[in-house]
Amino acid sequence: MFDASRPESLARTSTVAFHGLEAKRVEVQCAITPGLPAFSIVGLPDKAVSEARDRVRTAFSTMAIALPSKRVTINLSPADLPKEGSHYDLPIAMALLAAIGVVPHERVEQALSLGEMSLDGSLVQVLGALPAALAAAEDDRTLFCPSACGPEAAWVGATSVFAARNLGEIISHLTDAMPLSAAKPGEVVLDTGTRDLAEVRGQERAKRALEIAAAGRHHFLMVGAPGSGKSMLAARLPGLLPPMSAPEALETSMVHSLAGLLDEGGISRTRPYRAPHHTASMAAIVGGGRGAKPGEVSLAHNGVLFLDEFPEYTRPVLETLRQPIETGEVVVARANAHVTYPCRFLLVAAANPCRCGHLYDADQACGRAPLCGEDYMGKISGPLMDRFDLRLEVPPVRFSDLDSAPTGESTATVAERIAAARTRQTSRFESLGVAARVNADAEGRLLDQIAEPDEEGRDMLLKAAEKFRLTARGYHRILRVARTIADLDGAENVRMPHIGEALGFRLISSKQA
């Protein structure tokens, strides 16, 4: 017989509230007290959380679990932290089950759970299982989640994860009637080998720039006529990049988990490739909107962000890229949220030389040439242009090249050189005891230490800096690119040919800057 005066009528369990990538622990308290039958949820819940009472109550009725004719109060503590999302259904149900004596108090109290509940008691996949598993591991708690979230959450490995198809399976596990097996991590292998670099006819210089950009994570701008192959080149970049390390995969998957982009509940080591349309809003690119969700720059973390028709993006959107490019993180500040997301990405931008795209073809250029080109490329501000390490004019492909057999190297061959260059960078940074991963991360004394050119190279760089009035940022970015070129050549030191090639890619598009 249920007795509301017993201590068991008050039960506690835990869940999380998401604040960016951080999963803050929320204590779910359930109290059953004398009074008119009622079911209330307090603690600053949003509409989805408030509706949990109807889903939970109906699921209990479907499963023939009777609620007492008392007052049920659910408190989500801390009360001043906003609670959003449907993942509160499962922890509310578990706390209520403990309060009415269906499952043991102590096992529910040591658990952390999340999951949406259907009216028949089945559990629906929710966002954020990976950050929630990390929070459970930090508090030494067991995680309960829907079966679709299990492979994702099990990647943490530092806590037990039990993924159930419905509430009945969780009850059976907590009462030892039929224990669940611990979830196993799932890995999704994405196929990036269908687009081979050898399929690109001509454009050997562009392919070389693509290789350098991939090896050192250097931002890359291509300017060329329509149909010259800019998008085709960018689409082959993911196949050139080495797989993510385990820490990188976990970082990237944390962001993708909050955005609901993890396929089949598993984690992939393939680097992300994001290519938003030029009509995308600022919130879509840098993050924001309801709940300050991550934007494209964060979804491309440890991968590639390709922005085609670069000058067609609105000026505010382009200017918001400046800080994330430099710092590797973006701060989404809103009236009700202040969230930081990581965003170390390789930016690849493509643009036509003018609005019609035929600036360099006298037969097809409009009557406003060359002013039309200056106006069009002028939409890219000087500070933003200065952040591109590699700038390249991509000329139209000759018809003779299109009609000939492929002569370039395959993606696999180039990827081997890139992987070897990145291994050299990783070993160098580890030996120096620094957290940098690729040459693009090097700055200050670290850059001076790893990219000190020979005397001839230094003289060349100083003369170019004076002649072309390079900024301090431009000077250092040339050194980073030269260090990457040396790594691709297997050279221990940066020499004059490496500086010369880096300068060629930096200055070739100066008339567009």
(Q) Quick check on side chain to side chain contact (heavy atoms under 4.5 Å, CB included): which of T484, V481, L347 does D389 satisfy it with? (A) V481

Q) Are the side chain of H19 and the backbone of H338 linked by a donor-acceptor contact shorter than 3.5 Å? A) yes

Q: For L390 and A209, work out which heavy atoms get closest and say how close.
A: CD1-O, 3.4 Å

Q.
Check whether D89 reaches the backbone of M117 with its side chain - one donor and one acceptor, N or O, closer than 3.5 Å.
A. yes

Q) Any donor and acceptor pair, going by atom type alone, linking the side chain of R344 with main-chain N or O of G328 inside 3.5 Å? A) no

Q | L127 CG to K293 NZ distance, which is reported to the nearest 0.5 Å | A | 6.0 Å

Q. Taking all atoms of both residues into account, what is the closest heavy-atom pair of R355 and Y376, and its distance?
A. N-CG, 3.7 Å

Q.
Between R217 and E248 (salt bridge meaning N to carboxylate O under 4.0 Å), is one present in this structure?
A. no

(Q) Test your reading of the model: is there a side-chain donor-acceptor pair from Q425 to the backbone of R483, 3.5 Å cut-off? (A) no

Q.
Under a 3.5 Å distance rule, please check whether R387 uses its side chain to pair with a backbone N or O of E326 as donor and acceptor.
A. no

Q: Apply side chain to side chain contact (heavy atoms under 4.5 Å, CB included) to H278 and list each qualifying residue two or more places apart in sequence or on a separate chain.
A: E309, E312, Y313

Q: List for me each residue that meets side chain to side chain contact (heavy atoms under 4.5 Å, CB included) alongside T413, sequence neighbours excluded, and say none if there are none.
A: E409, S410, R417

Q: Please name the pair of heavy atoms, one in C372 and one in C354, separated by the smallest distance, quoted to 0.1 Å.
A: SG-CB, 3.9 Å

Q: Using a strict 4.0 Å threshold on nitrogen-to-oxygen distance, state whether E319 and R315 make a salt bridge.
A: yes

Q. With E27, which residues qualify under salt bridge (charged side-chain N to carboxylate O under 4.0 Å, His left out), at least two apart?
A. R12

Q: Output the distance between atom OG (S86) and atom CG (L114), rounded to the nearest 0.5 Å.
A: 9.0 Å

Q | Shortest non-hydrogen contact from V348 toward L237 | A | CG2-CD2, 3.5 Å

Q: Let me see the working for V330 and Q323 under side chain to side chain contact (heavy atoms under 4.5 Å, CB included), right down to the final yes or no.
A: CA-CA 7 Å; V330 58; Q323 182 182 4; over 6 Å; no

Q. Who pairs with A164 by side chain to side chain contact (heavy atoms under 4.5 Å, CB included), at least two apart in sequence or on another chain?
A. L123, E169, I170, L180

Q. Roughly how far, to the nearest 0.5 Å, is CG of L210 from CG of L233?
A. 6.0 Å

Q. Would you say K83's side chain and Y88's backbone share a donor-acceptor pair under 3.5 angstrom?
A. no

Q.
Please determine whether side chain to side chain contact (heavy atoms under 4.5 Å, CB included) holds for the pair K230 and N352, giving the CA-CA distance in whole Å, both sets of side-chain angles, and the decisive distance to 0.1 Å.
A. CA-CA 10 Å; K230 303 184 294 295; N352 295 328; 3.5 Å; yes

Q.
Under the rule for salt bridge (charged side-chain N to carboxylate O under 4.0 Å, His left out), what residues qualify as partners of R424, not counting sequence neighbours?
A. none

Q.
I'd like to check the ring-ring contact (aromatic ring centres under 6.0 Å, His included) partners of Y341; sequence neighbours left out, ordered by chain and number.
A. none

**Q.** Nearest atoms (heavy-atom pairs only) where P272 meets H256
**A.** CB-CE1, 4.0 Å

Q) Counting N and O atoms only, with roles assigned by atom type, does the side chain of Q203 sit under 3.5 Å from a partner on the main chain of P395, one being a donor and the other an acceptor? A) yes

Q. Would K24 and E84 pass as an ion pair if we require N to O under 4.0 Å?
A. no

Q. Between F18 and H87, does the ring centre distance come in under 6.0 Å?
A. yes

Q | Smallest separation among heavy atoms of P45 and I41, with atom names | A | CG-O, 3.8 Å

Q: For R495, enumerate each residue passing the salt bridge (charged side-chain N to carboxylate O under 4.0 Å, His left out) test, keeping only those at least two apart in sequence or located in another chain.
A: none

Q: Sequence neighbours left out, what passes ring-ring contact (aromatic ring centres under 6.0 Å, His included) with F310? Give chain and number order.
A: F388

(Q) Using the salt bridge (charged side-chain N to carboxylate O under 4.0 Å, His left out) criterion, which residues pair with E116? Sequence neighbours excluded. (A) none

What pairs of donor and acceptor atoms, side-chain ones from residues 128-149 against any protein atom, are under 3.5 angstrom apart with sequence neighbours left out?
unit_1	atom_1	unit_2	atom_2	d
D139	OD2	R25	NE	3.2
R141	NH1	E109	O	2.6

Q.
List the residues meeting side chain to side chain donor-acceptor pair (under 3.5 Å) with D375, not counting sequence neighbours, and say none if there are none.
A. R368

Which donor-acceptor pairs under 3.5 Å do the side chains of residues 442-453 make with protein atoms, sequence neighbours left out?
unit_1	atom_1	unit_2	atom_2	d
E452	OE1	R458	NH2	3.2
E452	OE2	R458	NH2	2.7

